[in-house]
Amino acid sequence: MRVLLVEDDDMIGRSLSQALESNGWSVDWVKDGLLAQSALADGDYACVLLDLGLPKRDGTEVLAKARAQGNTTPVLVLTARDGLDDRIAGLDLGADDYLLKPYEFRELLARMRAVIRRRDGAAHSLIGGGDLQLDLTTREVLVRGERSALSAREFALLHALLERPGAILSREQLENRIYGWGEEVMSNAVDVLIHGMRKKLGPDAIRNVRGLGWRAVTTLAVAGATPDAGGSAA
Ligand code: CA
């Protein structure tokens, strides 16, 4: 999944990007409030990690503007400002959660999962339904309840497809969800990924909708099953 990191401190930004990437995130990192605004307007992020003390435009302004424009991306504020007024102001402006520096990286990951889950409308960690579910905590897919592990990109792909069941996502939308800015994306990268996923999930789990893109199917055909004719000879 793709995360926007807004952090002007080089050391914090670099170590946080590396830690997130090694946990399977695609990270777009910007260092000032203006760049954050344009990234938010263009990008499709699972979540935003927002520092408040930023050059060019304060984080609270970035947040207020994004919400005023109808952007509902979950925002987790990471800041050293520990005044009660600042915390309340941040939440009132539309932050989904607040974490004071310094924090434990594991806690950050857990809070990111929580704000994303809430946006997905799930009180627990499973999204999708029917035969095909995705566990946001363990990053496993469940095919008829049977769990298997996913690579970071496979997870990002399925998360995008299962977030709004039945929705058709274009190649560009999927690429935006799976890959960060710095990454070279081969023109057939999404096809290769989906080809691999069909082997894992079954051939009909991700359907191509000609000219439009792909959608996930949550009712899977049982392999090798013969349809019941329904009648019996008397
Ligand atoms: Ca700062």
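Indexing begins at 1, ligand by ligand and atom by atom, following the structure's order.
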Inset, instruction - Tally every protein N/O/S atom whose distance to the Ca ion (ligand 1) is less than 3.0 Å; waters are neither shown nor counted. - result: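 Near the Ca ion (ligand 1), the number of protein N, O or S atoms below 3.0 Å is 3.
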What distance separates [X] [atom1] from [Y] [atom2], expressed to the nearest 0.5 Å?
| X | Y | atom1 | atom2 | answer |
| --- | --- | --- | --- | --- |
| L91 | I88 | CG | CD1 | 8.0 Å |
| L161 | L157 | CG | CG | 5.0 Å |
| L16 | L108 | CG | CG | 6.0 Å |

Inset, instruction - Before giving the answer on side-chain hydrogen bond (donor to acceptor under 3.5 Å, both in side chains), spell out for Y45 and D28 the whole-Å C-alpha distance, their side-chain angles and the decisive distance to 0.1 Å. - result: CA-CA 9 Å; Y45 296 101; D28 292 345; 2.8 Å; yes
Legend entry - Over-ring placement of R113 relative to W25, 6.0 Å and 45° cut-offs: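 No, R113 does not sit over the ring of W25.
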Inset, instruction - State which residues pass side-chain hydrogen bond (donor to acceptor under 3.5 Å, both in side chains) with D44; sequence neighbours excluded, sorted by chain then number. - result: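 Applying side-chain hydrogen bond (donor to acceptor under 3.5 Å, both in side chains) to D44 gives none.
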